[in-house]
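Report on one structure; see the data block that follows.
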Amino acid sequence: MMNILDWFDPSFLEETISWLDHDLLDVFGLKPEYVQFSLIFAFMLSLMWVVKPVIEWMMLNHWKTLSSYVTSTLLALVFLQLVDRYAMSDTTSTLPASYWSVCLLAISSFGVVYVMITWMRKLYARLSKRSKRKAA
């Protein structure tokens with residue numbers, strides 16, 4: 001029979017519980033585990049509230065668009081990894097220390113700019129279509 005404690009080390013939970021002020025918890029009659037559970041539950045609830053529209057967008061309309069974005073990003077990361085491996089001399093890289101952070105910033109910046117330009121084109125098309133309707 002497998003034991004979950006073999007896979008999972010709960011010691012970090014005890015450390016975070018120790019951050020709570022036990023005197024304050026005693027005043028309200030709360031146990032530290034309940035406060036920790038409530039905080040994790042609220043965090044996961046808010047995370048799902050934010051992620052739900054993204055998941056719906058992916059599921060309903062844009063599988064092709066999403067797969068092309070993911071594929072482009074993966075290809076860029078593979079290319080950067082190849083550059084990093086070819087720049088190795090023995091066990092150290094000859095590239096600057098900021099190589100990965102600058103490259104990842106460039107990829108994400110390109111993505112943001114691309115999405116903003118696409119959004120602006122769609123907005124312009126909608127606004128021009130509305131102005132043509134009002135003029136007619």
Side-chain angles (χ1 to χ4, degrees):
M1 187 174 228
M2 292 195 297
N3 188 0
I4 194 163
L5 293 177
D6 294 337
W7 298 346
F8 176 71
D9 181 23
S11 62
F12 76 94
L13 296 173
E14 295 168 5
E15 182 181 329
T16 57
I17 287 176
S18 68
W19 294 345
L20 300 172
D21 186 6
H22 293 284
D23 295 332
L24 183 63
L25 293 175
D26 289 339
V27 168
F28 294 107
L30 298 172
K31 291 186 176 181
E33 294 85 10
Y34 296 158
V35 173
Q36 188 177 35
F37 174 78
S38 301
L39 291 173
I40 291 171
F41 185 78
F43 172 70
M44 292 308 294
L45 187 67
S46 63
L47 186 66
M48 290 309 295
W49 181 73
V50 169
V51 169
K52 184 181 176 233
V54 174
I55 291 172
E56 287 177 352
W57 174 80
M58 290 186 319
M59 298 285 289
L60 294 177
N61 299 341
H62 303 285
W63 278 110
K64 184 178 176 183
T65 305
L66 178 70
S67 65
S68 69
Y69 291 161
V70 169
T71 304
S72 299
T73 303
L74 288 176
L75 285 174
L77 290 174
V78 166
F79 175 74
L80 294 175
Q81 185 67 33
L82 286 172
V83 169
D84 190 26
R85 289 295 160 230
Y86 281 116
M88 297 283 283
S89 64
D90 294 330
T91 58
T92 59
S93 177
T94 57
L95 295 172
S98 60
Y99 170 76
W100 277 101
S101 58
V102 170
C103 290
L104 295 176
L105 179 64
I107 291 172
S108 59
S109 299
F110 173 78
V112 167
V113 168
Y114 181 78
V115 168
M116 291 298 290
I117 289 172
T118 304
W119 181 74
M120 293 297 279
R121 284 182 182 165
K122 288 181 181 180
L123 181 65
Y124 177 73
R126 284 183 186 170
L127 291 176
S128 64
K129 189 184 290 185
R130 282 185 190 169
S131 63
K132 287 178 183 177
R133 282 188 211 157
K134 286 181 182 180

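Quantities reported herein were computed from a predicted structural model and do not represent experimental measurements.
Considering CG of Leu77 and CG of Leu82, their distance stands at 11.0 Å, rounded to 0.5 Å.
A 4.5 Å side-chain heavy-atom check between Leu123 and Trp119 finds at least one atom pair inside the cut-off.
Follow the hydrophobic side-chain contacts under 4.5 Å out from Leu104 and you never reach Val102; the two are in separate clusters.
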